[in-house]
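Chain A is the first sequence line, chain B the second, and so forth, proteins listed ahead of strands; every chain is numbered from 1.
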Protein chains: 2
Amino acid sequence: MPKVSDAYRAARRDEIIDAAVRCVLRDGYRGVSMSAVIEESGLSAGAIYGHFSGKQELLVAVAERVLDARQADLAAARNDGAPLSPGEIMATLIGGLRQEQLSHVIPQIWAEAPLDDDVREVAGRIFGQVQALLRAELAAWAAAEPGRVDGDPHEWARLVTPVVVSAAPGYLIQRAVLPDFDEDAYLAGLLQVYRR
Amino acid sequence: MPKVSDAYRAARRDEIIDAAVRCVLRDGYRGVSMSAVIEESGLSAGAIYGHFSGKQELLVAVAERVLDARQADLAAARNDGAPLSPGEIMATLIGGLRQEQLSHVIPQIWAEAPLDDDVREVAGRIFGQVQALLRAELAAWAAAEPGRVDGDPHEWARLVTPVVVSAAPGYLIQRAVLPDFDEDAYLAGLLQVYRR
DNA sequence: GTCTATAATAGGATAGAC
DNA sequence: GTCTATCCTATTATAGAC
C-alpha cells in the first residue's frame, strides 16, 4: 500500500513534466539538463529521481505529453455537418497548433526520433493516429463529392493522406525557420490549394 | 602571407566538417561532442580548434554544408521543356532528398533553428531560396495552363508556394518518424494531389 | 598547423538523513 | 517521498612542445 495517494503521485509527476516542458522550450530537447529541471521545478534531485529513473525517461514523458495534446486538435477538426474539405480539415488542425505554445516543441521531438527508439515509438504512434483520422475525413469528403476525385474514395484517401498531412509539419517548420513567415497567408494558401 | 596554402586550409576544413557530419548522423546535432569529432576525424584537438573557435561554430558550418547541398536538388527540378506541374516539381525535389544520406540531418537542423540564431539564419536563407525557385516554377506552370488556377498566376503562386513546399518537410518527418513509411506511395500521392 | 597533456567545469546520478 | 551533499564521469577548451 503506497504511502501517498496515486493522485498525489500523478500530480507531482505532472508538475515535474510541466517544468521539464518549460526547460525544453528554452533549451531544446537535448539541451535540457537535470539540474535545470530541478531548478525550474523548485524541487530537489531526490524528488525528480523518485518519479523518473533518469533524463531519458523524463524526456520521453515530455514527448508523450506534448504529442498527446494533439488529440484535442483532432477533435476540433471533426464536424457533424457536411464533410470538411481537405483544406478546411488541415486549416482547423493547424489553427489548433497555432494556439499552443507546446507545439513549438514538436519539431524537436521529430528530430530526436531517429536517435531514441522510445521517442520514435511515441512520435510514430501519435502521427499515425492523426493520419488515421485525417484519412477517414478525406474518404468521407471524397464519397460526398463524387467527381472531385477519381477511383474509390478510400483508395484515394489512402494515397493522398500522407501528402495532405504534410501541411502540418510544413507549417511548424516554416514557422520555426522563416523570420517573416505569414501564418494567415499559409492558412489562406491551404484553402487555395485544395479549392477544387 | 599564410604559412600554408588557402587550398590546404579549405581541404582540412572540409575534412573536419565531413567528420562532424558523420557524428551528427550518429549522435544528433546537439549530441555531438568535440571529442567525438576529434576521434572521428583522426586529427587532434589543436587541429580542430585551429579551424573552428568552438563547437557552435563547427556545427553551424555543418548546417551550412548540409543545406547548401539542396541547391543541387533545385537544379534537378528545373526543366527546359514545358513547365512542370506542382506535383512533378515536388516529386523531383523529394527524389533528390531521397538519394542523400545527408538529408537525414535536415530535421535536426530545423529543430535547432529556434535555439541558435546562426543556425536559424542559415536554415531560413536556404529554405527561402528553395521557395523562391518553386514559386517561379509554379507561376510559369499556372501561366501555361490557363483555367487550372484562378486569378493572376504570380499572385496564385505566392499564396500556394508555402503549402506546396510543405511536401518536403512532410516527407522528411514522416520518413524519420513512421516505421512503415512508404516512400514510393508518397511520391504517387503527390502526383495524385496535384493532378488537376 | 598540429600534437599531447591537462585544466576547468558541468552534467547525471546516488547516498543517507529526515 | 523529499532534501542536502557529494561522487564520478564526460566535455569544452587551452597551454606549450614540435
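Look at CZ on Arg13(B): it is 15 Å from C1' on dG1(C), rounded to the nearest Å. The interatomic distance linking His51(A) (NE2) with dA13(C) (C1') rounds to 17 Å, in whole Å.
Remark: the Ser85(B) side chain and the Arg148(B) side chain contain no N/O donor-acceptor pair separated by less than 3.5 Å. No side-chain N or O of Gln108(A) forms a donor-acceptor pair with one of Glu112(B) less than 3.5 Å apart. Residues Tyr194(B) and Glu88(B) bring no donor and acceptor atom of their side chains to less than 3.5 Å of each other.
Among the candidates Arg125(B), Arg70(B), Arg13(B), the single residue satisfying the salt bridge (Lys or Arg N to Asp or Glu O under 4.0 Å) test with Glu64(B) is Arg125(B).
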Check your understanding: With the sugar-phosphate defined as primed atoms, P, OP1 and OP2, and the base as all remaining atoms, what B/S/- string results for nucleotides 3-17 of chain D, 5' to 3', for protein heavy atoms under 4.0 Å?
Key -> BBB-----SSBB---

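Ile106(B) and Leu25(B) fall within the same hydrophobic cluster, defined by Ile, Leu, Val, Met, Phe, Trp and Tyr side-chain heavy atoms under 4.5 Å apart, directly or through other members.
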